[in-house]
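Just so you know, these numbers come straight off a predicted model, no measurement behind them. All values below were derived from every heavy atom in this structure, side-chain atoms included, with hydrogens, water molecules and symmetry-related copies excluded.
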Amino acid sequence: MSKEIKIRNIDWIEKIYEIVRKIPKGKVTSYGAIADAIGARTTARMVGWAMNASHTAKPKVPAHRVVNRNGLLTGRHHFASPTLMQELLEAEKIEINDNQIINFEKNYWKP
DNA sequence: TCACTGACCGTGG
DNA sequence: ACCACGGCCAGTG
């Protein structure tokens with residue numbers, strides 16, 4: 001029992017930031033995809049929590065490119081402005097309708 | 001100190 | 001087809 005190296009640190013959070021920063025411009029991904037890319041240790045919920053602290057990460061991660069599985073801008077309310085997320089995505093040629101990304105699968109990028 | 005919540009997702013009834 | 005619940009980690013009241 002003991003040889004197992006238990007990572008109780010918040011290392012996985014740093015990993016999340018790295019992946020999110022790797023998202024190419026004009027593409028989006030989902031919380032679950034990031035969680036799966038890191039490992040089963042982290043769940044989608046933790047990714048959202050990490051994003052909440054992402055504003056302290058350096059450099060700041062493009063959290064606006066991360067949406068939920070439905071392609072819905074669930075975290076838009078956590079940005080500086082509730083519409084900032086949509087504005088940023090539209091600036092990257094991503095069409096959004098009713099807070100939902102159009103052609104989400106087409107713009108979906110998996111780590 | 002204990003309990004609940006949180007930018008979610010998948011499966012079961 | 002719809003509703004309900006569990007899981008994972010850390011932070012806050």
To the nearest angstrom, how far is [X] atom [atom1] from [N] atom [atom2]?
| X | N | atom1 | atom2 | answer |
| --- | --- | --- | --- | --- |
| D11(A) | dC8(C) | CG | P | 20 Å |
| M51(A) | dC8(C) | CE | C1' | 16 Å |
| Y31(A) | dA7(B) | OH | P | 9 Å |
| N70(A) | dC9(B) | CG | P | 7 Å |
| I13(A) | dG11(C) | CD1 | C1' | 10 Å |
| I34(A) | dC8(C) | CD1 | P | 19 Å |
| I38(A) | dC9(B) | CD1 | C1' | 15 Å |
| D36(A) | dC9(B) | CG | P | 12 Å |

Closest to the [X] side chain: [options]?
| X | options | value |
| --- | --- | --- |
| R69(A) | dA7(B), dG6(B), dC9(B) | dC9(B) |
| H78(A) | dC9(C), dA7(B), dG10(B) | dA7(B) |
| S54(A) | dG6(B), dG7(C), dA7(B) | dA7(B) |
| S30(A) | dC8(C), dA7(B), dC9(B) | dC9(B) |
| N68(A) | dC8(C), dC9(B), dA7(B) | dC9(B) |
| A44(A) | dG11(C), dG7(C), dC9(B) | dC9(B) |

Quantified in whole Å, what is the P atom distance between nucleotide dT1(B) and nucleotide dC8(C)? 24 Å
Please report the distance separating the P of dC3(C) from the corresponding atom of dA7(B), rounded so that it comes out in whole Å. 22 Å
Could you walk me through whether D36(A) and K110(A) satisfy the side-chain contact (heavy atoms from CB on, under 4.5 Å) test, starting with their C-alpha distance in whole Å, then the side-chain angles of each, then the deciding distance to 0.1 Å, before giving a yes or no? CA-CA 10 Å; D36(A) 186 59; K110(A) 205 207 160 225; 3.8 Å; yes
Under 4.0 Å between any heavy atoms, over every strand shown, what does [X] touch: base, sugar-phosphate, or nothing? Just pick one.
| X | result |
| --- | --- |
| A53(A) | nothing |
| N52(A) | base |
| T42(A) | nothing |

What do the steps show when you test V61(A) against V66(A) for side-chain contact (heavy atoms from CB on, under 4.5 Å), and what is the final call? CA-CA 10 Å; V61(A) 303; V66(A) 184; over 6 Å; no
Co-membership, hydrophobic cluster, residues M85(A) and V20(A), 4.5 Å side-chain: no
Within the 3.5 Å criterion, strictly below it, is a donor on Y17(A) or S54(A) matched to an acceptor on the partner's side chain? no
Steps toward side-chain contact (heavy atoms from CB on, under 4.5 Å) verdict (R65(A), K25(A)): CA-CA 8 Å; R65(A) 289 184 191 151; K25(A) 186 180 171 191; 3.8 Å; yes
